[in-house]
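Nothing fancy with the numbering, it's 1 onward along the sequence.
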Amino acid sequence: RARTARALCGRGFSRALRAQRRSQAPLEAWVGGRSCGSDPYVHAPPDRAFVMSAERITQRAGWTLITGAASGIGRGLAERLARHGAAVALADRDLEAATAAKRGIVAAGGRAIALDMDVADDQSVVQAVASLDGPIAMLINNAGLQHVAPLEEFPPGRFAQLIDVMLTGSARVTAAVLPRMRASGGGRIVNIGSIHSLVASPFKSAYVAAKHGLTGLTRTLALETADCDITVNLVCPAYVQTPLVDRQIDAQAAARSLAREEVVREVMLKPMPKGRFITIDEIAGTIEFLASDAARNITGQAIVLDGGWTAQ
């Protein structure tokens, strides 16, 4: 097995296998007992992304790094995964909000750290990733934003900004994390796409272009990491009721001259036969499965949570 591990990912993978066998060792062993920043509660990067067996969930050593984690889906994922034992690194350019989210997780008994990261800035990404001690077991590229308008009414630079955050930003963070994953023997990368990774809606040209681009990026990176115990997948939820979607409702109402209730009923939920919003718990449960050993041969895939939208 050691020879096989070296063939897959070099010595780093075999070291990780040995580390897994010593799963009772203190977590401080990963970083020599150094504290992370000024947070006294966190002594080591620790935790574990999820490895699921038929009987129970065990854990893979390392951080779960989530971008855009200060609010919305990112914050919800961090809270849910932390409740299930993951050590989460909440990365966001709004460090104050990310820190508040981290404090809530810690108060609930979880392990977390907040990172100042702007996914649209190369130096910011490199510095934030470098500041994270220990292995990175999972990366969730979630940072995103929206602008709803006909293309000819987009403000100058706004289209490029959406592409840079959601598509180029995901590539930027993944490029910074991949060497760490290879060195530790493997990992899981989950890009948060959208139903708009597969279909289009009017007035969302930049968002749809970025989310479609994530489909191609995910497939390409899956091939580039096939020699290692790394998988790369895209999770594509339909509408999730978050602050971002609440703002979309207002924007769509203005663009279409509809009441908010009509936007929800006739624009957002009408294409979904099940007729209800996707929940953050549903997204988190899908990610937990993708992180498990049961999913180690699922890579390069778009996993769709759409209430039957694309079945029609």
Side-chain angles (χ1 to χ4, degrees), residues 65-75 90-99 101 114-130 139-177 189-221 234-258 260 263 267-268:
L65 172 60
I66 307 171
T67 68
S71 63
I73 291 174
R75 181 169 182 165
L90 295 88
D92 204 286
R93 68 177 186 171
D94 186 344
L95 182 59
E96 184 178 350
T99 301
L115 298 177
D116 186 3
M117 180 192 289
D118 180 353
V119 301
D121 182 272
D122 291 329
Q123 186 175 6
S124 174
V125 168
V126 169
Q127 288 178 346
V129 171
L139 167 63
I140 302 174
N141 283 311
N142 168 75
L145 69 164
Q146 178 62 283
H147 187 84
V148 179
L151 178 61
E152 65 271 24
E153 295 178 12
F154 263 65
R158 186 64 163 167
F159 194 103
Q161 182 189 24
L162 267 69
I163 298 293
D164 198 23
V165 169
M166 290 183 284
L167 178 56
T168 311
S170 295
R172 189 177 281 122
V173 179
T174 302
V177 165
I189 298 171
V190 177
N191 295 320
I192 302 299
S194 163
I195 188 64
H196 289 108
S197 297
L198 306 170
V199 302
S201 293
F203 312 122
K204 296 183 178 182
S205 54
Y207 186 86
V208 171
K211 294 298 188 180
H212 270 65
L214 280 177
T215 303
L217 178 67
T218 298
R219 291 174 176 173
T220 301
L221 293 178
L234 182 67
V235 172
C236 301
Y239 291 106
V240 183
Q241 197 152 23
T242 63
L244 179 65
V245 167
D246 284 336
R247 290 191 293 271
Q248 284 186 58
I249 294 170
D250 292 332
Q252 289 272 13
R256 297 170 182 265
S257 300
L258 296 173
R260 291 184 92 258
V263 171
V267 177
M268 293 187 166

Under 4.5 Å between any side-chain heavy atoms of [X] and [Y], yes or no?
X      : Y      : answer
Ile189 : Val177 : no
Asp246 : Ile249 : yes
Ser124 : Arg93  : no
Gln146 : Val245 : no
Leu167 : Leu214 : yes
Arg256 : Pro202 : yes
Arg260 : Val263 : no
Gln252 : Lys204 : yes

When rounded to the nearest 0.5 angstrom, what distance separates [atom1] in [X] from [atom2] in [Y]?
X      : Y      : atom1 : atom2 : value
Leu115 : Thr99  : CG    : OG1   : 9.0 Å
Leu162 : Thr168 : CG    : OG1   : 11.0 Å
Glu153 : Phe203 : CD    : CZ    : 8.5 Å
Thr67  : Asn141 : OG1   : CG    : 5.0 Å
Met166 : Leu145 : CE    : CG    : 5.0 Å
Leu217 : Ser170 : CG    : OG    : 7.0 Å

The single option from Asp92, Leu139, Ile140 passing side chain to side chain contact (heavy atoms under 4.5 Å, CB included) against Ile66
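Answer to the side chain to side chain contact (heavy atoms under 4.5 Å, CB included) test with Ile66 among Asp92, Leu139, Ile140: Ile140.
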Would you sort out whether Arg172 and Asp164 count as a salt bridge (Lys or Arg N to Asp or Glu O under 4.0 Å), showing the intermediate values?
CA-CA 9 Å; Arg172 189 177 281 122; Asp164 198 23; 3.3 Å; yes
Between [X] (side chain only) and [Y] (backbone N and O only), is there a donor and an acceptor less than 3.5 Å apart?
X      : Y      : result
Thr242 : Ile73  : no
Lys211 : Ile192 : yes
His212 : His196 : yes

Restricting to non-hydrogen atoms, name the atom on [X] and the atom on [Y] that form the minimum distance, rounded to 0.1 Å.
X      : Y      : result
Ala149 : Phe154 : O-CE1, 3.2 Å
Cys236 : Ser197 : SG-CB, 3.9 Å
Ser205 : Phe159 : OG-CE1, 3.6 Å
Val208 : Ser201 : CG2-N, 4.1 Å
Ala70  : Ala98  : CB-N, 3.6 Å
Gly193 : Pro237 : O-CD, 3.7 Å

Between Met117 and Val129, is a side-chain contact (heavy atoms from CB on, under 4.5 Å) present by the stated rule, with each step listed?
CA-CA 9 Å; Met117 180 192 289; Val129 171; 4.1 Å; yes
Checking Asn191 against Thr218: is there a side-chain donor and acceptor pair closer than 3.5 Å?
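Yes, Asn191 and Thr218 have a side-chain donor paired with an acceptor closer than 3.5 Å.
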Could you walk me through whether His147 and Gln161 pass the side-chain contact (heavy atoms from CB on, under 4.5 Å) check?
CA-CA 10 Å; His147 187 84; Gln161 182 189 24; over 6 Å; no
